[in-house]
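Read through the structure below, which is laid out as structure tokens, and then see the notes.
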Amino acid sequence: MARNKIALIGSGMIGGTLAHLAGLKELGDIVLFDIADGIPQGKGLDISQSSPVEGFDVNLTGASDYSAIEGADVCIVTAGVARKPGMSRDDLLGINLKVMEQVGAGIKKYAPNAFVICITNPLDAMVWALQKFSGLPANKVVGMAGVLDSSRFRLFLAKEFNVSVQDVTAFVLGGHGDTMVPLARYSTVGGIPLTDLVTMGWVTKERLEEIIQRTRDGGAEIVGLLKTGSAYYAPAASAIEMAESYLKDKKRVLPCAAHLSGQYGVKDMYVGVPTVIGAGGVERIIEIDLNKTEKEAFDKSVGAVAGLCEACINIAPALK
Ligand SMILES: NC(=O)c1ccc[n+]([C@@H]2O[C@H](COP(=O)([O-])OP(=O)(O)OC[C@H]3O[C@@H](n4cnc5c(N)ncnc54)[C@H](O)[C@@H]3O)[C@@H](O)[C@H]2O)c1
Ligand SMILES: O=C(O)C[C@H](O)C(=O)O
């Protein structure tokens, strides 16, 4: 059986890490694409040269021509620019929207049957625009953020309680910005909801709120430390988890920026919600019950994403 083909559109910090992880996991043959000629070819060759040592058999190539992504089963999009200290993700909207237009056209022409995972920021607006520019079905275009934000929350909770990260689950919903919604009631340690752990005296409400705020600021914390760009190891691992669930039809329950058509009272927008990812792409959007406070926080986050989509329409009226 032929191998799957994975196209990485953008071969910067996340793109290179994606290629390495996809190779190590033998998810398929990998094409790195970038407008910066030489970077995708160089990274492809470098990672290929690690394959005899690591013992993985995949073809890794680099290209600066969209024809190289032809027939890709999965496209992971990181093309664009990342923020630097002092910037918000939203400051990237104008420049990255133009990039999404080019990427959408490339995918539409060469990989119309792919499952597309967008990572480029500001995430919820960019994946929304990418789906429209590419014309692919909405269930085949999804945004990566919730897996990353939930992973950060899980790590901080595991450290706080001195337990394995494996025993912590978390759901962070809403837009991937300052208004994201880490849900304490649906996040657990050993199956026990955080709200119960407060009652049991494991953690105070105030300390839990600090951990939640650190999660919301998780991206900015890393930008502040790196100074030259943003996080890439954890974002790449998160997108690979989504790609693997699609390619292996694992039907993982993962929080992703998915196209909503009435769920949670939201229409024609991408926002982070729990989904099931399998061979059909986004096979299900799980509508969990939100209490009044949670719903208010979610709606506020939806409002922030709606504002960004409006800003996209002002720049590219065809998106309406
Ligand atoms: N969704 C998330 O959770 C999340 C997490 C981390 C980073 N990000 C975002 O992902 C994006 C990529 O981050 P990075 O660290 O890999 O950045 P990077 O600057 O290292 O890489 C981006 C690459 O895109 C390429 N590029 C620019 N314009 C292009 C175009 N028109 N066509 C093809 N390639 C193009 C650049 O040459 C560069 O190699 C940023 O927008 C960043 O904010 C999102
Ligand atoms: O914070 C950023 O700019 C990158 C990304 O969205 C992240 O959360 O790490």
Side-chain angles (χ1 to χ4, degrees), residues 9-10 12 14 34-35 66 75-109 112 116-146 148-149 172-181 216-217 219-220 223 229-230 235 256-273 282 285 295-320:
I9 305 181
I14 304 178
D34 205 289
I35 47 164
Y66 271 105
C75 295
I76 308 183
V77 179
T78 59
V81 295
R83 66 171 158 160
K84 302 228 165 47
M87 294 172 79
S88 108
R89 296 176 181 96
D90 301 351
D91 296 335
L92 308 171
L93 185 140
I95 185 159
N96 284 349
L97 183 64
K98 291 195 181 73
V99 175
M100 291 305 102
E101 190 167 6
Q102 294 165 16
V103 174
I107 292 174
K108 183 179 195 163
K109 184 163 182 194
V116 178
I117 302 171
C118 179
I119 302 185
T120 303
N121 272 321
L123 188 271
D124 307 88
M126 292 302 102
V127 65
W128 173 82
L130 182 65
Q131 188 271 327
K132 288 188 186 285
F133 286 136
S134 70
L136 265 62
N139 64 312
K140 297 290 286 295
V141 182
V142 70
M144 188 295 292
L148 170 66
D149 297 325
V172 179
L173 308 187
H176 180 58
D178 298 340
T179 60
M180 72 178 73
V181 188
R216 286 200 195 96
D217 296 337
V223 169
S230 51
C256 302
H259 184 265
L260 300 182
S261 50
Q263 301 93 336
Y264 293 92
V266 180
K267 281 209 178 108
D268 191 27
M269 271 174 63
Y270 274 79
V271 187
V273 291
V282 177
I285 287 168
K295 181 85 173 83
E296 278 169 11
F298 184 81
D299 288 347
K300 186 175 169 208
S301 196
V302 169
V305 176
L308 294 176
C309 293
E310 275 303 315
C312 289
I313 291 170
N314 288 336
I315 299 170
L319 287 170
K320 197 155 189 160

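The first residue of the sequence shown is numbered 1, and numbering continues consecutively from there.
The two residues Val223 and Pro85 come nearest to each other via the heavy atoms CG1-N, 3.4 Å. Contact between Thr78 and Gly10 at its shortest, heavy atoms only, is OG1-O, 3.2 Å. Closest non-hydrogen pair, Ser261 versus Gln263, comes out as N-OE1, 2.7 Å. In terms of heavy-atom proximity, Asp90 sits nearest to Pro122 at OD1-CB, 3.8 Å. In plain terms, the two heavy atoms of Gly12 and Asp34 that are nearest each other are N-OD2, 3.9 Å. Across Ala257 and Val127, no two heavy atoms sit closer than the pair CB-CG1, 4.3 Å.
Between Val271 and Tyr264, every side-chain heavy-atom pair lies at or beyond the 4.5 Å cut-off. Residues Val141 and Phe133 have side chains not in contact (no heavy-atom distance under 4.5 Å, counting atoms from C-beta outward). When side chains are defined from C-beta on, Lys132 counts as touching Asp268, because their heavy atoms get closer than 4.5 Å.
In this structure a side-chain-to-backbone donor-acceptor pair under 3.5 Å is missing from Arg83 to Ser230. Within the 3.5 Å criterion, the main-chain N or O of Ala79 finds a donor-acceptor partner in the side chain of Thr120. Between the side chain of Tyr66 and the main chain of Ala105, no donor-acceptor pair closer than 3.5 Å is present. Judged purely by atom type and a 3.5 angstrom limit, Asp299 has no side-chain atom pairing as donor or acceptor with the backbone of Glu296.
Here the CG-CG distance, from Leu130 to Leu123, works out to 10.5 Å after rounding to the nearest 0.5 Å. Rounding to the nearest 0.5 angstrom, the gap separating the CG atom in Leu173 from the SG atom in Cys256 is 10.5 Å. Ile14 contributes atom CD1, which lies 6.5 Å from atom CE of Met144 (distance to the nearest 0.5 angstrom). Expressed to the nearest 0.5 Å, how far CD1 of Ile76 lies from CD1 of Ile117 amounts to 4.5 Å. Residue Lys108 holds its NZ atom at 9.0 Å from CG of Leu136, rounded to the nearest 0.5 Å.
For Ser301, the side chain to side chain donor-acceptor pair (under 3.5 Å) criterion is met by Thr179, not counting sequence neighbours.
Between Asp124 and Arg89 there is no salt bridge, since no side-chain nitrogen of the basic residue lies less than 4.0 Å from a carboxylate oxygen of the acidic one.
For Asp217, the CG atom counts as densely surrounded, since its 6.0 Å shell holds more than 12 non-hydrogen atoms of other residues, nucleotides or ligands.
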**OP:** Show your working on side-chain contact (heavy atoms from CB on, under 4.5 Å) between Val77 and Ile107 and close with a plain yes or no.
**Re:** CA-CA 10 Å; Val77 179; Ile107 292 174; 4.1 Å; yes
When the side chains of residues 302-320 are checked against the rest of the protein, which donor-acceptor pairs come out under 3.5 Å, sequence neighbours left out?
none

Residues 93-104, side-chain donor-acceptor partners within the protein, below 3.5 Å, at least two apart:
| residue | atom | partner | partner atom | Å |
| --- | --- | --- | --- | --- |
| Asn96 | OD1 | Val81 | N | 2.8 |
| Asn96 | ND2 | Val81 | O | 3.1 |
| Asn96 | ND2 | Asn121 | O | 2.8 |

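Taking the six-membered ring where the residue is Trp, His259 and Tyr270 present perpendicular rings, their angle passing 60° and hence far from 30°.
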